[in-house]
2 protein chains.
Amino acid sequence: MRLGKIPKVTPSGLRINQSRLWETIHETCKWGAAHRWGEGPNDTGMARLTLNNEDARVRRWFADEVQKLGCTLAVDQMGNMFARQKGSLGSSRPMIAMGSHLDTQPRGGRYDGILGVVGALEVLRTMKESGFRTNYDVGIVNWTNEEGARFPKSMCSSCVWAGAIPIQAAWDLRDIQNNKVTLRSELERHGYLGDISCSHEAYPLGAHIELHIEQGPILEETGRSVGVVLGAQGYRWLKFTVTGKDAHTGTTPFSARKDPLLAASKMIVASNEIAKKHGALASTGILKIPDNSSTNTVASEVVFTLDIRHPDDAVVHAVEEECLRSFQAISTQDGKGVTLNWTVDTDSPAVKFHPDCTNSIKAAAEALVGKEGWMEMTSGAGHDSVYTSRHCPTAMIFVPCRDGVSHHPTEYCAPEDCALGAQVLLESVVNYDRALVERTEKQ
Amino acid sequence: MRLGKIPKVTPSGLRINQSRLWETIHETCKWGAAHRWGEGPNDTGMARLTLNNEDARVRRWFADEVQKLGCTLAVDQMGNMFARQKGSLGSSRPMIAMGSHLDTQPRGGRYDGILGVVGALEVLRTMKESGFRTNYDVGIVNWTNEEGARFPKSMCSSCVWAGAIPIQAAWDLRDIQNNKVTLRSELERHGYLGDISCSHEAYPLGAHIELHIEQGPILEETGRSVGVVLGAQGYRWLKFTVTGKDAHTGTTPFSARKDPLLAASKMIVASNEIAKKHGALASTGILKIPDNSSTNTVASEVVFTLDIRHPDDAVVHAVEEECLRSFQAISTQDGKGVTLNWTVDTDSPAVKFHPDCTNSIKAAAEALVGKEGWMEMTSGAGHDSVYTSRHCPTAMIFVPCRDGVSHHPTEYCAPEDCALGAQVLLESVVNYDRALVERTEKQ
């Protein structure tokens, strides 16, 4: 595996402090560390679910650190945190934001989201200690509930900010383990129900650049250090409820059964075959049967999720339609059949990022690692950048993660790659800020 | 649906009290009533799991009632309850037992097991009030944890009694919802860890006749009132653990995944096809993935059960072997494969009941309902009689249940059918007792 390396001379003359970045990442991971897999101090994963006590702790830490740098901090009604450093022009133009998230999957790692926020903090620290000021305001966003793991809506709060769902729908999301708790009740409990509207109008952004681990194997396999992300796959999340009837497994012939688990199994197998045929992805991450199931009783109901992805929205829709037709046919196939219901819980169309941002990143990557060191990519996962791209120029920077593993405790990004990613982020922001001055002067 | 009817003249001259039996069944169901499905006072199912507080209450009630009838009561170290009424001969020969169970499935009904015990109590009450005495001792057994729903081993305590598993293995069974609780700890908590060994040697039975609802649709569909059960299907319960690796669903290509839920789904579908081909049954009642699953993460592990049944043991084994070969092939099929492990949790070979018992029941059925009213059957489900048959003449009586439904709150057996079943039980015991006198005199 080729490790990233910041060259001796950087375009901006500024230099990310690799060890400070590394230490800060892992310092913050004491809040939510879980799932130990090795003996080293950092050899654990994370379980910092949105607005649990650990997430509240790291939010307070983040607020302290950005205020120490002289940033102003705004919190909106979804708990999104906007740290803002004034630029030298004193312009009121919306800030150039470096955004990502501090929440994790329940069995997540130490880099997904965290690198983007802590890397952005390192960018501001590096600028500050060198006395460097951008022309326009720059800053950091910590987006609430990006993972959608506790409150089941991923990129939840950038979605509200973009106006893609009403805030009430997001506030009403319930903790999947405890349906008495809502996202809003947790915002209130921790004091993160801010006083400004969550909206791109109330708090506009001038640009949004997100540093993130790749979460896939492509950079590692091709020996590149940096991915310039030109867009994101489209995806849709569906939830299926298959209803049958509980019955004794020894005395109920197949012909008399309504077996939802057999039907759901066939549906999962079918969805995989359909996705393969289209070169798409279709995955079932959650399958639930009633708690009182037993070995000799046919279950009464099965709920399962389906996550369909492809860079082309038309393919996502084709896979979905073919799955629905197939599932409906399966629901009548065995015994007395089952009842099928479904909802679409998330719809995230494919996205193309803005050339003003991707060009700033390309120039930074080219200057730092040369032609052989970076590549263009499409994101396989959803990110807050997908929603910010609806209302401001947006792009992303990917760095490699070991074996392409993420959403897993062993997720790992080498210190060198973290630092190089943060350096690309810094140079991209500087490039974007300068280009903005040039464009503004031309007008 | 043809309802059972006790003729005006019975062979023994005794007559089951239908309304007393009906009222007693439902009186006892106040302990554990759950899952209301209708408006009538008895329109609920049951959730009287082995040795929960409700099961302990109904056990105390049973002890009181049999002692009121003058029975002695013995409790063994598995909590099996043996109520014994002395016969007129004063013989020390082991009693002719009417046995079944008072525990239920978590979403069970009011008849499965309960009819066998309360029907047996009604037999003793009917004999007592008429001053009728059998020649040899007769009695009732309430077997502990027949369902295996809370402590996962069905027919658990008749199995120990028969010497088929060591008592320690049964004592160590853990509550499937709370692994801090064992069967033994619950026996101790409720005072049902008796002082006699649980063994067919310490407490032998002379015969075992069990009245039970059919739990299938055959009697109803053929218009019969009584099934004379000549044996039981063989069955084996397996538990499979499929281990993969959690990974992000958007960024991990199919080729890089180890997806245990996809593999388990294929296995469930395959087991169904294999069972159909053999004319057998194979059913998955439980499937579990880790609690921290999420829509956009491939699960790390899946555990599922498989229940294989057929009247011929050779077919059960053939289905199992074919499933294992198929599952092993499936475990290498997709992506980087998954790891497959399994245990055999229950092995219940096919059983043929004893002609001394089946003949006593046939004679009773023939006298009560005539040739068109009864039929020979094989039990589809396991019962405690399967284990008692290893050490004493055993057989079963089936009565119809509505739509063949059992292990479900709406399970229903009409009052007339309950009473006719109890009358067949009474006459069978009387027949068996008389035949025993005749055989003894001949010797």
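Chain letters run A, B, ... following the sequence lines, proteins first and then strands; every chain starts at 1. None of the values given here were measured: they were computed from a predicted structure.
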Of all the heavy-atom pairs spanning B:A280 and A:F254, show the shortest one and how long it is. O-CE1, 3.5 Å

Per-residue contact mode, A:K239 against chain B (heavy atom under 4.5 angstrom): neither

Under a 4.5 Å heavy-atom cutoff, which of A:D246, A:I268, A:D307, A:V269 has the most pairs with chain B? A:D246

Out of B:V298, B:T252, B:L262, B:V405, which one racks up the most heavy-atom pairs below 4.5 Å with chain A? B:L262

ring-ring contact (aromatic ring centres under 6.0 Å, His included), paired with A:H248, selected from B:H408, B:H383, B:H407: B:H407

Measure across A:G285 and B:S293 and return the closest heavy-atom pair with its distance rounded to 0.1 Å. O-CB, 3.4 Å

Quick one, B:D334 and A:K276 - any side-chain contact, counting heavy atoms below 4.5 Å? yes

Tell me whether the count of non-hydrogen atoms from other residues, nucleotides or ligands lying under 6.0 Å of NZ in A:K258 goes above 12. no

Under 4.5 Å heavy-atom distance to chain B, tell me which part of A:A232 shows up: side chain, backbone, both or neither. neither

Of the backbone (N, CA, C, O) and the side chain (C-beta and beyond), which part of B:Q233 lies under 4.5 Å from a heavy atom of chain A, both, or neither? side chain

Report the distance from atom CD of A:Q105 to atom OG of B:S294, rounding to the nearest 0.5 Å. 4.0 Å

side-chain contact (heavy atoms from CB on, under 4.5 Å) between A:E147 and B:T297: does it pass, once the steps are laid out? CA-CA 11 Å; A:E147 293 292 359; B:T297 308; over 6 Å; no

List the atom of B:L281, the atom of A:P253, and the distance in Å for their closest heavy-atom pair. CD2-CA, 4.4 Å

Taking every non-hydrogen pair under 4.5 Å, which of A:T305, A:N296, A:V302 racks up the most with chain B? A:N296

Any idea which of B:E214, B:K288, B:R107, B:K266 has the most non-hydrogen atom pairs under 4.5 angstrom with chain A? B:R107

Among A:M267, A:E411, A:R257, which residue forms the greatest number of heavy-atom pairs with chain B at distances under 4.5 Å? A:R257

Could you tell me which portion of B:Y235 (side chain, backbone, both or neither) has an atom closer than 4.5 angstrom to a non-hydrogen atom of chain A? neither

Option in B:N272, B:T284, B:D112, B:D345 with maximal non-hydrogen atom pairs under 4.5 Å from chain A: B:N272

Relative to chain A, which segment of B:A270 carries a heavy atom at a distance below 4.5 Å: side chain, backbone, both, or neither? neither

Looking at A:K336, I'd like to know if its NZ atom is crowded, meaning that more than 12 non-hydrogen atoms belonging to other residues, nucleotides or ligands lie closer than 6.0 Å. no

After noting the C-alpha distance and the side-chain angles of B:R309 and A:T249, does the key distance pass the side-chain contact (heavy atoms from CB on, under 4.5 Å) rule? CA-CA 9 Å; B:R309 305 197 184 217; A:T249 54; 3.6 Å; yes

Euclidean distance, B:Q177 CD relative to A:D291 CG, rounded to 0.5 Å: 6.0 Å

Answer key: most heavy-atom pairs under 4.5 Å with chain B among A:L287, A:T410, A:L306, A:T346 is A:L287

Give the minimum heavy-atom separation between B:T295 and A:W237, together with the two atoms involved. CG2-CD2, 3.6 Å

Please look at B:A381 and chain A and tell me whether the side chain, the backbone, both or neither of the residue comes under 4.5 angstrom of a heavy atom of that chain. both

Heavy-atom pairs under 4.5 Å with chain B, option from A:S265, A:A149, A:G380 with the top count: A:S265

Heavy-atom pairs under 4.5 Å with chain B are the metric here; pick the option from A:S379, A:A282, A:A247 that has the most. A:A282

